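Notes for the one structure printed next.
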Amino acid sequence: MLSPNYVRQIFNAYAGNPKEFHDGKMLGSCPICHEGNSFGRKRRLYYYPETGSLFCFNCQRSWRDIDWCAEVQGKEKKEVFKEA
């Protein structure tokens, strides 16, 4: 599991219109499926820091934090792990 601060940083950079809740969860537009034609308007991608997981309710995909960070940045997992 990656540092929640690192994942929040990547989430803020790649997810559209990100929002953080008081409990640390985050909500934003999915940069993988682009929310259909609603990227930046709809927010169906959730980040759950307590489990280190992300889920998109639009494309119905789930990721471990390291897999999602690697995919959106176009990097290898070992590169992401080094950065984090």
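On a predicted model such as this, the values are computed, not experimentally measured, just so you know. Residues: numbered from 1 along the sequence shown.
Looking only at side-chain heavy atoms (C-beta outward), K42 and C30 stay at 4.5 Å or farther from each other. Taking the side chain as every heavy atom from C-beta outward, K19 and M26 never approach each other to under 4.5 Å.
Evaluation of the side chain to side chain donor-acceptor pair (under 3.5 Å) rule for T51 yields S53 as partners, not counting sequence neighbours. In this structure, the side-chain contact (heavy atoms from CB on, under 4.5 Å) partners of F81, at least two apart in sequence or on a different chain, are L2, I66. By the ring-ring contact (aromatic ring centres under 6.0 Å, His included) test, F11 is found to be paired with W68, residues two or more places apart in sequence or in another chain being considered.
Atoms SG and CZ, on C69 and R64 in that order, are 11.5 Å from each other to the nearest 0.5 Å. Taking NZ of K75 as the reference point, atom NZ of K82 lies at 11.5 Å (rounded to 0.5 Å). Between L45 atom CG and C33 atom SG the span is 8.0 Å, to the nearest 0.5 Å. Here the straight-line distance linking atom CG of L54 with atom CD1 of I32 works out to 9.5 Å at 0.5 Å rounding.
Side chain of D67 to backbone of W63: no donor-acceptor contact under 3.5 angstrom is found. E79 places a side-chain N or O within 3.5 Å of a backbone atom of E76 that can act as its donor or acceptor partner. Counting only distance, with no hydrogens or angles, the side chain of S29 and the backbone of F39 share no donor-acceptor pair below 3.5 Å. Looking at S3, its side chain never comes within 3.5 Å of a backbone N or O of A84 through a donor-acceptor pair.
Between E35 and R44, at least one side-chain N (NZ, or NE/NH1/NH2) sits under 4.0 Å from a carboxylate O, which counts as a salt bridge. Under the 4.0 Å criterion applied to side-chain N and carboxylate O atoms, R61 and E71 are assigned as salt-bridge partners.
Of the N and O atoms on the side chains of Y6 and E83, at least one donor lies less than 3.5 Å from an acceptor on the other residue.
A pairwise comparison of heavy atoms in P49 and G24 identifies CG-O, 3.4 Å as the closest pair. Contact detail for V72 and P31: the closest heavy-atom pair is CG1-CG, 3.6 Å. For N17 against R43, the heavy-atom pair with the smallest separation is O-CD, 3.0 Å.
Put simply, F57 and F21 are part of the same group of oily side chains (I, L, V, M, F, W, Y) that touch within less than 4.5 Å, one to the next.
Remark: N37 CG is loosely packed, at most 12 non-hydrogen atoms of other residues, nucleotides or ligands lying under 6.0 Å away.
Between Y46 and Y48, the ring planes lie parallel to each other; the angle is under 30°, not in the 30° to 60° tilted range.
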